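Beneath this line is the structure, given in structure tokens, with notes to follow.
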Amino acid sequence: MEHRTLGRTGRDVSVVGLGTWQLGADWGDVSEADALGVLAAATEGGVTFFDTADVYGDGRSEQIIGRFLDERGLRDDITVATKMGRRVDQVPENYTLENFRAWTDRSRANLGVDTLDLVQLHCPPSAVYADDAVFDALDVLVDEGAIAHYGVSVETVAEALTAIARPNVATVQIIVNAFRLKPLDEVLPAAQEAGVGIIARVPLASGLLSGRYDETTSFAANDHRTYNRSGEAFDVGETFSGVDYATGVQAAREFSALVAEQAPEGVSPAQAAIAWLWQQPGVSSVIPGARSIAQARSNAAAGSVSPLGEAFEAGVRRIYDAHLREAIHPRW
């Protein structure tokens with residue numbers, strides 16, 4: 001699998017990483033054995049980058065990753081990014097050095113490390129990005145050795161551009177996929193110019209781009225694809241990329257047809273969606289999640305898909321313009 005430099009961290013990471021929200025919560029139940037199996041399948045497929053957060057399963061995801069890396073002796077081979085900030089009310093006043101120290105201490109204990117590779121602010125209130133004191137506090141954590149680097153996870157293009165202008169922000173994590181194209185036009189060029197890494201999350205639009213869902217598909221009650229469809233629990237853009245589900249199913253059918261016509265033989269819609277994304281200039285790593293060993297293996301294999309080409313790119317743009325641009329583009 002191809003590797004790229006993860007922005008200002010200077011670390012080389014696989015172009016396909018692993019998002020581990022599924023290993024903690026909000027995607028239905030995943031047993032510890034299955035979670036460890038997913039991590040193993042990903043690393044065996046060439047993945048060298050894991051993304052987690054302190055709120056995924058209230059630390060369960062971090063703890064499982066830490067245990068896995070110790071058991072497999074992979075501490076020096078895998079870069080782990082975690083996130084912080086969602087354990088308190090989402091007001092700017094809670095983004096303080098005192099809280100940062102408490103949150104990073106907890107994540108260090110969960111992961112079993114002295115220094116966290118990369119810590120990202122976890123989609124904080126927009127005002128946080130303009131607060132010099134927040135970034136001064138993050139610099140203190142670097143100086144103290146609690147974290148090696150820091151970045152941000154954002155909801156909007158505007159937040160991403162504000163963060164990229166910060167001199168010590170190493171990475172920006174943002175929702176970008178075939179159903180969310182605005183970051184390609186604005187964020188990726190700015191990040192490339194600044195040397196900031198881009199971590200692409202929700203690459204399959206919560207599974208829509210796999211082509212496996214239809215109008216009758218149902219999800220578990222504890223799956224965010226059930227309880228957050230209208231943004232009841234957090235930003236609706238995190239669920240199906242903010243796409244109306246019925247519209248998304250129709251667009252996904254057209255995407256699957258595009259894959260069948262333009263992608264190399266044997267490449268699934270999910271693999272094509274991931275490959276198309278990491279092949280975009282400026283993307284450092286794409287972080288699909290996986291609830292099963294088979295999914296983890298398939299996602300990792302997307303890291304070696306040959307270039308999809310101009311006709312595929314044009315098809316993605318055509319589907320977006322026809323079904324999604326009007327509702328999605330102005331919001332995020």
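None of the values given here were measured: they were computed from a predicted structure.
Judged by a 6.0 Å distance limit and a 45° cone about the ring axis, R229 is positioned over the six-membered ring of Y245.
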Run the numbers on S61 and T52 for side chain to side chain donor-acceptor pair (under 3.5 Å), then give the verdict. CA-CA 7 Å; S61 177; T52 186; 2.8 Å; yes
Verdict with supporting geometry, V176 and V202, side chain to side chain contact (heavy atoms under 4.5 Å, CB included): CA-CA 7 Å; V176 55; V202 197; over 6 Å; no
Any chance you could lay out the side chain to side chain contact (heavy atoms under 4.5 Å, CB included) test for L161 and V157, step after step, and finish with the verdict? CA-CA 6 Å; L161 295 174; V157 162; 3.9 Å; yes
Would you please test R317 and D185 for salt bridge (charged side-chain N to carboxylate O under 4.0 Å, His left out) and show each step? CA-CA 12 Å; R317 297 269 178 180; D185 301 332; 3.4 Å; yes
Under the criterion side chain to side chain donor-acceptor pair (under 3.5 Å), I'd like the reasoning laid out for Y95 against Q90: C-alpha separation, chi angles, the key distance, then a yes or no. CA-CA 9 Å; Y95 284 76; Q90 290 302 289; 2.9 Å; yes
Steps toward side chain to side chain contact (heavy atoms under 4.5 Å, CB included) verdict (V119, H149): CA-CA 7 Å; V119 172; H149 305 279; over 6 Å; no
Please walk me through it: do L116 and T104 pass side chain to side chain contact (heavy atoms under 4.5 Å, CB included)? CA-CA 8 Å; L116 297 166; T104 54; 4.0 Å; yes
Given salt bridge (charged side-chain N to carboxylate O under 4.0 Å, His left out), test R75 with D70 step by step and report yes or no. CA-CA 7 Å; R75 287 284 183 187; D70 279 340; 2.9 Å; yes
Report the C-alpha separation of E159 and S126 in whole Å, then their side-chain angles, then the decisive distance to 0.1 Å, and conclude whether the side chain to side chain donor-acceptor pair (under 3.5 Å) test is met. CA-CA 7 Å; E159 291 171 347; S126 293; 2.6 Å; yes
List the steps and the verdict of side chain to side chain donor-acceptor pair (under 3.5 Å) for Y213 and R225. CA-CA 12 Å; Y213 304 157; R225 293 171 293 186; 2.6 Å; yes
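Considering CG of D12 and OG1 of T48, their distance stands at 8.0 Å, rounded to 0.5 Å. Expressed to the nearest 0.5 Å, how far OG of S241 lies from CG of L209 amounts to 7.5 Å. Here CG of L97 is found 9.0 Å from CG of L138. Values are rounded to the nearest 0.5 Å. To the nearest 0.5 angstrom, T20 atom OG1 is 8.5 Å from F50 atom CZ. Between atom OG of residue S206 and atom CD1 of residue I175 there is a gap of 7.5 Å, rounded to the nearest 0.5 Å. Taking CD of E326 as the reference point, atom OG1 of T247 lies at 11.0 Å (rounded to 0.5 Å).
The aromatic rings of F179 and F255 sit perpendicular to each other, their planes meeting at more than 60°, with 30° as the lower class boundary. Aromatic ring orientation, H224 versus Y227: perpendicular (interplanar angle above 60°, classes split at 30° and 60°).
A distance-only check finds a donor-acceptor pair linking the side chain of S284 to the backbone of I198 [under 3.5 Å]. R108 places no side-chain N or O within 3.5 Å of a backbone atom of W103 that could act as its donor or acceptor partner. Judged by distance alone, with hydrogens and angles left aside, the side-chain atoms of W276 form no donor-acceptor pair with the main-chain N or O of F312 at under 3.5 Å. Put simply, the side chain of Q250 never gets that close to the backbone of A246: no donor and acceptor are under 3.5 Å apart. Between the Q262 side chain and the A257 main chain, no donor and acceptor come within less than 3.5 Å of each other. Between the side chain of S210 and the main chain of R212, a donor-acceptor pair closer than 3.5 Å is present.
Salt-bridge formation is detected for the pair E155/R201: a Lys NZ or Arg NE/NH1/NH2 atom is positioned less than 4.0 Å from an Asp or Glu carboxylate oxygen. Look at D58 and R86 and you find no salt bridge, because none of the NZ, NE, NH1 or NH2 atoms lies under 4.0 Å from a carboxylate O. Between E71 and R67 there is no salt bridge, since none of the side-chain N atoms of the basic residue sits less than 4.0 Å from a carboxylate O of the acidic one. The pair R4-E2 meets the salt-bridge criterion, since a charged nitrogen lies less than 4.0 angstrom from a carboxylate oxygen. Using a cut-off of 4.0 Å between Lys/Arg side-chain N and Asp/Glu carboxylate O, R291 and D223 are scored as not salt-bridged. A salt bridge is defined here as a Lys NZ or Arg NE, NH1 or NH2 lying under 4.0 Å from an Asp or Glu carboxylate O, and K83 with D51 meets this definition. A salt bridge is defined here as a Lys NZ or Arg NE, NH1 or NH2 lying under 4.0 Å from an Asp or Glu carboxylate O, and E32 with R60 fails to meet this definition. The pair R318-D321 does not count as a salt bridge, with every side-chain nitrogen at least 4.0 angstrom from each carboxylate oxygen.
A side-chain donor-acceptor contact under 3.5 Å links N168 and D139. Under 3.5 Å, the side chains of S107 and N110 contain no donor-acceptor pair of N or O atoms. Side-chain atoms of D117 and T79 include no donor-acceptor pair closer than 3.5 Å. In this model, a donor atom of one side chain and an acceptor atom of the other lie less than 3.5 Å apart for T82 and E62.
Hydrophobic clustering (ILVMFWY, side-chain heavy atoms < 4.5 Å, transitive): V187 and L181 are in one cluster.
When every heavy atom of P288 is checked against every heavy atom of N299, the shortest pair comes out as CB-ND2, 3.7 Å. G145 and T115 get closest at one heavy-atom pair: O-OG1, 2.7 Å. Closest heavy-atom contact between L23 and I64: O-CD1, 4.1 Å. Contact between S153 and P124 at its shortest, heavy atoms only, is O-CD, 3.8 Å. Heavy-atom minimum distance, L308 versus A272: CD1-O, 3.6 Å. Scanning all heavy atoms of the two residues, the minimum distance from A194 to I164 falls at CB-CG2, 3.7 Å.
Looking at V80 and L118, their side chains never come closer than 4.5 Å, going by heavy atoms from C-beta outward. You'll find the side chain of V15 stays beyond 4.5 Å of the side chain of V286, heavy atoms only. Counting heavy atoms from C-beta outward, R180 and V243 have side chains that stay 4.5 Å or more apart. Looking only at side-chain heavy atoms (C-beta outward), F240 and N228 stay at 4.5 Å or farther from each other.
Residues in residues 313-332 take part in these ring pair (Phe, Tyr, Trp, His ring centres under 6.0 Å) pairs, two or more places apart or across chains: Y320-H329. Identified under the salt bridge (charged side-chain N to carboxylate O under 4.0 Å, His left out) test for residues 253-268, with sequence neighbours left out: E215-R253.
Of the residues listed (N94, V152, V134), the one engaging V128 in a side chain to side chain contact (heavy atoms under 4.5 Å, CB included) is V134, and it is the only one.
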